[in-house]
Student: 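I have a structure I would like to understand better, so I am pasting it below and will then ask my questions one at a time.
Just so we're clear, the structure is a prediction, and the values are computed from it rather than from any experiment. Numbers here simply count residues along the sequence, with the first being 1.
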Amino acid sequence: FFSAATNKMAKTKAHELRTQDKEALAKQLDELKQELSQLRVAKVTGGAASKLAKIKLVRKSIACVKTVINQTQRDTLRKTYEKSKYKPIDLRAKKTRAIRRRLSKSEAGKVTLKQFKKNIHFKKAVYAVKA
C-alpha cells in the first residue's frame, strides 16, 4: 500500500483489498482517515500543491475500502441467510413494489371450487371459423 522509501501513496485497487481480512481493512481505513486529516490541515495552513491534489486520491481510497468492507459483510450475511425461510429486508430482491406485491404463480393459478366445476361442465366453445 505505502512504498517504504518515498511514502507516496498508490491508488487503492479493490481486487487487492478483497484478499485482505477484516482487521487489515479496518487498520487501512484508519490510516487513510488519519492521512486525510493531515492533508486537510496542510490545506488550511497553505501546503504544497502536491498535497492538495492528494486529498482526492485519499478520499477515493477511503470510499474503495469502505465499499469492499460493506460488500464482504453483505456476502457473508447472504451465505448465512441462504437456507432460511425469511431474509432481512436489505438482502431481499428489490425489483419494484408492484412486482413484490403480485401474486405468486401458484396463487394466481388457484381456482375456487365453484369456478372449477363451471370450467369442467361448461367448457369454452371452440369454433373453426374466426370472426
Student: Where is the tightest heavy-atom contact between R74 and D90, given as atom of each residue plus distance?
Tutor: NH2-O, 3.0 Å
Student: Going by heavy atoms in the side chains, are Q28 and T12 under 4.5 Å from each other?
Tutor: yes
Student: Looking only at atom types and distance, does a side-chain atom of R18 sit under 3.5 Å from a main-chain N or O of V68, one as donor and one as acceptor?
Tutor: no
Student: Roughly how far, to the nearest 0.5 Å, is the CZ atom of R97 from the NZ atom of K94?
Tutor: 10.0 Å
Student: Please determine whether the number of non-hydrogen atoms from other residues, nucleotides or ligands lying under 6.0 Å from atom CZ of R100 exceeds 12.
Tutor: yes
Student: Nearest 0.5 Å, please: how far is CD in Q34 from CG in L39?
Tutor: 11.0 Å
Student: Between V65 and L25, which heavy-atom pair has the shortest distance, and what is it?
Tutor: CG1-O, 3.7 Å
Student: Just how far is it from atom CD of E107 to atom NZ of K110, taken to the nearest 0.5 Å?
Tutor: 7.0 Å
Student: Are N119 and K123 close enough that some pair of their side-chain heavy atoms sits under 4.5 Å apart?
Tutor: no
Student: What closest approach, in Å, do Y86 and Y81 show between heavy atoms, and which atom pair accounts for it?
Tutor: O-CD2, 3.9 Å
Student: Let's go through F116 and I120 carefully: what are the C-alpha distance in whole Å and the side-chain angles of both, what is the deciding distance for side chain to side chain contact (heavy atoms under 4.5 Å, CB included) to 0.1 Å, and is it a yes or a no?
Tutor: CA-CA 6 Å; F116 180 72; I120 290 173; 3.3 Å; yes
Student: One thing to verify: whether E35 and K54 come together as a salt bridge, which I'm taking to mean a side-chain N less than 4.0 angstrom from a carboxylate O.
Tutor: yes
Student: Considering non-hydrogen atoms only, spot the tightest contact between C64 and K13 and give its length.
Tutor: SG-C, 4.4 Å
Student: Is there side-chain contact between K43 and I55, with heavy atoms separated by less than 4.5 Å?
Tutor: yes
Student: Could you point out which residue of L32, L17, L36, L29 forms a side-chain contact (heavy atoms from CB on, under 4.5 Å) with S61?
Tutor: L32
Student: Can you confirm whether more than 12 heavy atoms, excluding those of R92, are under 6.0 Å from its CZ atom?
Tutor: yes
Student: Flag yes if more than 12 heavy atoms outside I89 fall under 6.0 Å of its CD1 atom; otherwise flag no.
Tutor: no
Student: Would you compute the distance between atom NZ of K95 and atom CZ of R102 and round it to the nearest 0.5 angstrom?
Tutor: 8.5 Å
Student: Quick one, T72 and K22 - any side-chain contact, counting heavy atoms below 4.5 Å?
Tutor: no
